[in-house]
Amino acid sequence: MLLNKRIPATYILKKIKLEVLYVLIIGLLVNYLTGEYKNLIPEMPIAIPTFIGTAISVILSFKINQSYDRWWEARKVWGSIVNDSRSFVLQLQSFISHAKRDEIKEIAYRHIAWCFSLGQTLRGNDPLENLERYINEKDLKSISSHNNKPLALLQLNTLQIAALREHGALELYSHVQINSTLVNFSNEMGMAERIKSTVFPTTYRLFLHFFIYIFVVTLSIALRNIDSFFEIPLLLVISSAFFLLEKSASHLQDPFNNKPTDTAVTTIATNIEINIKQLLNENEVPAPFPPSGYYAI
Amino acid sequence: MLLNKRIPATYILKKIKLEVLYVLIIGLLVNYLTGEYKNLIPEMPIAIPTFIGTAISVILSFKINQSYDRWWEARKVWGSIVNDSRSFVLQLQSFISHAKRDEIKEIAYRHIAWCFSLGQTLRGNDPLENLERYINEKDLKSISSHNNKPLALLQLNTLQIAALREHGALELYSHVQINSTLVNFSNEMGMAERIKSTVFPTTYRLFLHFFIYIFVVTLSIALRNIDSFFEIPLLLVISSAFFLLEKSASHLQDPFNNKPTDTAVTTIATNIEINIKQLLNENEVPAPFPPSGYYAI
Amino acid sequence: MLLNKRIPATYILKKIKLEVLYVLIIGLLVNYLTGEYKNLIPEMPIAIPTFIGTAISVILSFKINQSYDRWWEARKVWGSIVNDSRSFVLQLQSFISHAKRDEIKEIAYRHIAWCFSLGQTLRGNDPLENLERYINEKDLKSISSHNNKPLALLQLNTLQIAALREHGALELYSHVQINSTLVNFSNEMGMAERIKSTVFPTTYRLFLHFFIYIFVVTLSIALRNIDSFFEIPLLLVISSAFFLLEKSASHLQDPFNNKPTDTAVTTIATNIEINIKQLLNENEVPAPFPPSGYYAI
Amino acid sequence: MLLNKRIPATYILKKIKLEVLYVLIIGLLVNYLTGEYKNLIPEMPIAIPTFIGTAISVILSFKINQSYDRWWEARKVWGSIVNDSRSFVLQLQSFISHAKRDEIKEIAYRHIAWCFSLGQTLRGNDPLENLERYINEKDLKSISSHNNKPLALLQLNTLQIAALREHGALELYSHVQINSTLVNFSNEMGMAERIKSTVFPTTYRLFLHFFIYIFVVTLSIALRNIDSFFEIPLLLVISSAFFLLEKSASHLQDPFNNKPTDTAVTTIATNIEINIKQLLNENEVPAPFPPSGYYAI
Amino acid sequence: MLLNKRIPATYILKKIKLEVLYVLIIGLLVNYLTGEYKNLIPEMPIAIPTFIGTAISVILSFKINQSYDRWWEARKVWGSIVNDSRSFVLQLQSFISHAKRDEIKEIAYRHIAWCFSLGQTLRGNDPLENLERYINEKDLKSISSHNNKPLALLQLNTLQIAALREHGALELYSHVQINSTLVNFSNEMGMAERIKSTVFPTTYRLFLHFFIYIFVVTLSIALRNIDSFFEIPLLLVISSAFFLLEKSASHLQDPFNNKPTDTAVTTIATNIEINIKQLLNENEVPAPFPPSGYYAI
């Protein structure tokens, strides 16, 4: 997540350097051609790039809005994970007999492991990294054979809670209530995976790029009478406006990609760890995960 | 689902070849007529195609957004099927006595059959294809008389779970909790069928095509003074921009049509199979369903 | 619901014939006046109709989107009725003792009656039509005194299920689960009634028509220099673009009006009947309700 | 709620008479000044009002859409009240022993009182008006000390139902199911209050008015060369287009204001009364609340 | 929340004074340069600022809509807190035995403390301010060690209710129903925290400012022929239109920032206090929290 700090200009310019270069080449080329073959190339009414600009702005505003929705949905999913994690621990404390305090802690810690493991999985990183802090050897070994580590962790918790019910430490009805929270975790995990694995319709991006280049070509012909000393920068500024918007949207639309615009899952998982440990009356809680310069990861 | 791979240009061009041909013919015809009957056909102010362009962009942005919503809703429905399938198996394991391990497996396998059969039904393919891998002869025969095979499979699972309750292997309250998950499956099945069976308002597509052709005619008259060597390509580029957007939207809006832009239901159902089998501690799980070139089906 | 079949041109043109006639009259009148009193009527800059065009496109895109949302919500409501109807029968079979098989069938048939009666009520048709196929004389008589027939049918089912509970054929907790499904039916009925009874803000339609006529007047003055042989068709095409969009939106926004653009409630209710009868293992099921030419009702 | 009847022109014109007057004054003033000081005031390119028109249309389409959402949400809330009121009575009849028929009626009548009282409160009218028709003296007195009368009525019903449970006329589990419906009433009441008490961001309205006047000034300077006999009406028509849209949106966004565009809460509450009385098998039900001319209140 | 009262002009102008100053400087500078180096700086077609204006309006309408959604979501979250707070007290009174009247009051008062503390936390103020009015010394001390004070308060209430269940003052099933309301509080707290802690994508704001300045530069070159006495005010008015919209959106998008545009959490929490105390039959209730001039906090 980008913070409200000063974002380095290099971060922004790096995004579109290739596109700007192409526009520069196109601008110079058109400039040369219209100079050389003045009589062959006819006047281009400014209305032509305007029509293409209309198509561009239709796709752009579609893409900006939908990518924001994906990004916001990803954030909402992780917000729900925070809320349900807190409710989960409060439910364990409310419904399971106090004699099982150690098992409550074991389940709660395994849930912290689930949060971190889910974040790592979504970003394509090692899903077992640092999990030994929260779960024991046996658990680690048991989940290693699964394709989907967070799902395996969730199964361990589900089965341990069912065992508590069988041993009489939990009543039937409260068992079902806790089960509803586990169903929420399953839903949240699946929703995040859906956002991760669903590719935003790729054709729109192709068309958008194609239209912007057509726009640049027609605009540069239309502006042929302006001194190239002024025309080229103008072209660059207007086209980079469109490219920057497209790039920003593209980054938002994939919020689990190890990028500065990612949903800050590590920060959130650390906050969940702090919350859960304080609800368990632990004395040692970790510090909030620090931001990396102008963004939080 | 189109992947982030290089999409073949032929795939895109094939979509609009007919429309481009029509525009070419219109362009040449107008060109010939305005040349031949110069004095009869008056000047066309460029504002006229602009007004039509306004109507086009209003419908286009409506259509792009709503078709995306349909596509995204279809994906969400299948995402919910993934989540509820996982929760379903975890609930069977939590609430049904261990002695009935075989029945749990039978129910879980029948649920995998339900996923594949639903996917096939939505796409208009044979809903019984490969189901013998997951259900027995008796089930296959029993569902064959139903119009709606997935619904028949859902009924088999519902009744078997009710029988478990009658035989005391499941408590009343947990029975109801599992029933809520079965209700979710019924909802998800119905939501996918709704998207499949509801035709997007057809008049908008008609109007859009009609307006684009009017746009092409008026624009080509307005550009009569430009050399046809330049004018025709310009017409083709601008009109194909509009046609491409319309086609992309049309493909998104019907996500169960055996097309590369489909929701990847086979891939998803295979993932569910893997998840369920690993939750059941099976040793042999299938490999993820491989993408077909630039798309996953 | 309009189908993907060829829609007769007459269907579309009939919608706007009056408006097109008015525009024709306006165009001819302005043409005559500007010819007659050339010196009195000043030049009209093309920017004036452009400004009005802006206001028109703001309302049009608002109206198209919101009317689609109403139409889609109506379809969703009927989709939920399908889903809950299936779940309802499965719940009756799961929770009510087998000895009461006859009552289950009676309740299920009365529910089919509810679906048809609701569809008829929404369209303003006779809500009792054909109900004798599904419910007995006593029921028919009992509901006839109610203003809201579907609500009366729902009450009959609710009370019969409560009586089953009292007679011990249904446990308390499963009774409540079935009650939740009945609450869903009540909600869906009310949601459809809300869409039916809520008039879309009428002023927007008035303004839209008013602005389109103003647009036509100013545009026809602005185009005074074009030969009327070309100008009048241009006016008709551009204004009919706007009128067609407005009409299409208006039809979508009232989806229970006995029009081809209606939500296909008869088709859906017939499908529910088929589903329910097959879930009840009936041998005779009706055929799907056939479409009427280019639309399904 | 405005009906589909002919809306009096006076109703619409009254809304913007002040704004139209201001525009008239501005138009005449600019006309006089540009005539008097022709050389001092430079040409105004038509692009200037175009830019301002862009800003206006951005805010207008935002405002029209969001105000419609508020209006539609208010209607949905009252739709939910209808649905839950019906379900509430059906639940009372299903779960409370028949011996308590009188108390069921008392609770149901108090609920009707709640509907009317909520409608009156939202509109800022006397929340106790006519309540003596539905509740007894003691209730009336007991709620009079509360700031929020509907909440007090809801508490009375909640406590009476809890007392029924204590006296054994209601089982624990069905008590909780009915309680969920009471929670819905609390939510719906709060949602309507939220719409009532939340002021739509006021700055947008200020800016919109400000921009429209700037638009009028710049446009009237730009049109200086047109005869004022034509220019002033043009200005009035275009600016009134914008003002009318703004006013319509403003009215929709406050749907509980005793205006013709209000959500028709009195009509809806009367329908609830009819439904509830018929579910209770009462013989005397009121007539539907009649519309007042071109609107229903 | 800004009220419908007259908003001081200074409040609005203060927002954009810096930006207006920059525009003034740019305008004067361009004016000087175009005067001095007339032959060097070419004509700027008005179409150039138009293209940039398109990009600006795409981002502006995106930003205005999404920031409104955040603001409205924040308001909805606090609306849900109101509704659930009322339901919570009614549930305590319904389900907990009357003998525990004192504990009910203690829990309800601690809940009021939770509301105020949550509001203070969101705004970055002291979360313990005035809490001594509602909770005792022991509670105050116990929560002081937690990072998240409202969560600690919620835990205290959750555990006290669980203790009531253990002591038999509350039945299992009603315990679970109350627990669902506590889960709602946890969700609402987390949703408000999410809105607070998620930075709106910062790049859009950067691009918007950048594009507006480019717009100003190109527009001022394009208007070079207009007397600077008129040109500069024109530039200021048009650019301030864009800046004001951007600022208004930025303020809405962070609704817990101690600004006049904040969600009025103090007012809402006070209303909850009044509601809860009247439901508890307290005689002394506070007065509604008064607005501060043109806004409520």
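Please read these numbers as outputs of a predicted model, since none were measured by experiment. Chain identifiers are assigned alphabetically (A, B, ...) following the order of the sequence lines, protein sequences preceding nucleic acid strands; residue numbering begins at 1 within each chain.
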Practice item. Counting only heavy atoms closer than 4.5 Å, note whether C:S197 contacts chain D via side chain, backbone, both or neither. Key: both
Check your understanding: Mind checking whether C:H209 and C:F243 have ring centres under 6.0 Å apart?
Key -> yes
Review point. Looking at C:I143, C:L118, C:T121, C:L153, which one forms a side chain to side chain contact (heavy atoms under 4.5 Å, CB included) with C:P127?
Key: C:T121
Review point. Considering only heavy atoms, which portion of D:A296 lies under 4.5 Å from any heavy atom of chain C: side chain, backbone, both, or neither?
Key: neither
**Study point:** Contact class of D:T50 relative to chain C, heavy atoms under 4.5 angstrom
**Key:** both
Practice item. Drop me the distance from D:K76's NZ to C:M191's CE, to the nearest 0.5 angstrom. Key: 7.0 Å
**Study point:** Region of D:I268 that comes under 4.5 Å of a non-hydrogen atom in chain C
**Key:** neither
**Study point:** Contact origin within C:E188 toward chain D - heavy atom pairs under 4.5 Å
**Key:** neither
Review point. Are C:I64 and C:Y68 close enough that some pair of their side-chain heavy atoms sits under 4.5 Å apart?
Key: no
Exercise for review: May I ask you to name which of C:I195, C:L172, C:I214 has the most heavy-atom pairs under 4.5 Å with chain D?
Suggested key: C:L172
Point to revise | Which atoms of C:S180 approach chain D - backbone, side chain, both or neither, heavy atom under 4.5 Å | key: both
Revision key, fill the gap. Heaviest contributor of heavy-atom pairs below 4.5 Å to chain D, chosen from C:T203, C:N179, C:T218, is C:N179
Check your understanding: So what's closer than 4.5 Å to chain C heavy atoms on D:Y294: side chain, backbone, both or neither?
Key -> neither
Check your understanding: Given that the side chain runs from C-beta out, which part of D:L244 has a heavy atom under 4.5 Å from chain C: side chain, backbone, both or neither?
Key -> both
**Study point:** chain C contact via D:I56 - which portion, at a heavy-atom distance below 4.5 Å
**Key:** neither
Check your understanding: Hey, what do you get for NZ (D:K63) to CD (D:Q253), rounding to the nearest 0.5 Å?
Key -> 4.5 Å
Exercise for review: Please state whether the side chain, the backbone, both or neither of C:I59 comes within less than 4.5 Å of a heavy atom of chain D.
Suggested key: side chain
Practice item. Using non-hydrogen atoms and a 4.5 Å limit, figure out which bit of D:P288 sits close to chain C: side chain, backbone, both or neither. Key: neither
Check your understanding: What part of D:L2 is in contact with chain C, defined as an atom under 4.5 angstrom from a non-hydrogen atom: side chain, backbone, both or neither?
Key -> both
**Study point:** Residue C:L182 versus chain D: region with a heavy atom under 4.5 Å
**Key:** neither
Review point. Got a donor-acceptor contact below 3.5 angstrom from the D:D262 side chain to the D:I297 backbone?
Key: no
Review point. Do D:N65 and C:Q66 have side-chain heavy atoms sitting under 4.5 Å apart?
Key: yes
Exercise for review: Sort C:Y204 into side chain, backbone, both or neither according to what part of it lies under 4.5 angstrom from a heavy atom of chain D.
Suggested key: side chain
Exercise for review: Can you tell which part of D:I274 gets under 4.5 Å to a heavy atom of chain C, answering side chain, backbone, both or neither?
Suggested key: side chain
Practice item. With C:F215 as reference, evaluate C:I52, C:V23, C:I48 under the side chain to side chain contact (heavy atoms under 4.5 Å, CB included) test and give the passing residue. Key: C:I52
Study note, to complete from the structure: When the 4.5 angstrom heavy-atom criterion is applied to D:F88 and chain C, the contacting part is neither
Exercise for review: Sort D:I7 into side chain, backbone, both or neither according to what part of it lies under 4.5 angstrom from a heavy atom of chain C.
Suggested key: side chain
Check your understanding: Non-hydrogen atoms of chain C under 4.5 Å away: do they reach the side chain of D:L234, the backbone, both or neither?
Key -> side chain
Review point. At a heavy-atom separation under 4.5 Å, does D:K5 approach chain C through its side chain, its backbone, both, or neither?
Key: neither
Exercise for review: Pick whichever of C:V58, C:L159, C:T158, C:T198 has the most heavy-atom pairs under 4.5 Å with chain D.
Suggested key: C:T198
**Study point:** Structural part of C:Q160 lying under 4.5 Å from a heavy atom of chain D
**Key:** neither
Revision key, fill the gap. Among D:T181, D:L3, D:T267, D:L60, the residue with the most heavy-atom pairs under 4.5 Å to chain C is D:L3
Exercise for review: Would you please test C:E171 and C:R165 for salt bridge (charged side-chain N to carboxylate O under 4.0 Å, His left out) and show each step?
Suggested key: CA-CA 6 Å; C:E171 279 171 287; C:R165 157 81 191 126; over 6 Å; no
Revision key, fill the gap. Most contact-rich option vs chain D, by heavy-atom pairs under 4.5 angstrom, among C:F210, C:F200, C:F185, is C:F200
Check your understanding: When you check the side-chain N and O atoms of D:E246 and D:S250, is any donor under 3.5 Å from an acceptor?
Key -> yes
Review point. Any salt bridge between C:E193 and D:R86, counting N to O under 4.0 Å?
Key: yes
Review point. Is it the backbone or the side chain of C:Y173 that comes under 4.5 Å from a heavy atom of chain D, or both, or neither?
Key: both
Practice item. Take D:K259 and D:D254 through the salt bridge (charged side-chain N to carboxylate O under 4.0 Å, His left out) test and state the conclusion after the steps. Key: CA-CA 9 Å; D:K259 290 214 176 113; D:D254 291 313; over 6 Å; no
**Study point:** Reference residue C:I107; test side chain to side chain contact (heavy atoms under 4.5 Å, CB included); the match among C:I178, C:L156, C:N157
**Key:** C:N157
Point to revise | Within 45° cone and under 6.0 Å: C:R194 NZ/CZ vs D:W78 ring | key: no
**Study point:** Under 4.5 Å from a heavy atom of chain C, the part of D:D69 involved
**Key:** side chain
Check your understanding: Under a 4.5 Å heavy-atom cutoff, which of C:V183, C:L206, C:V199 has the most pairs with chain D?
Key -> C:V199
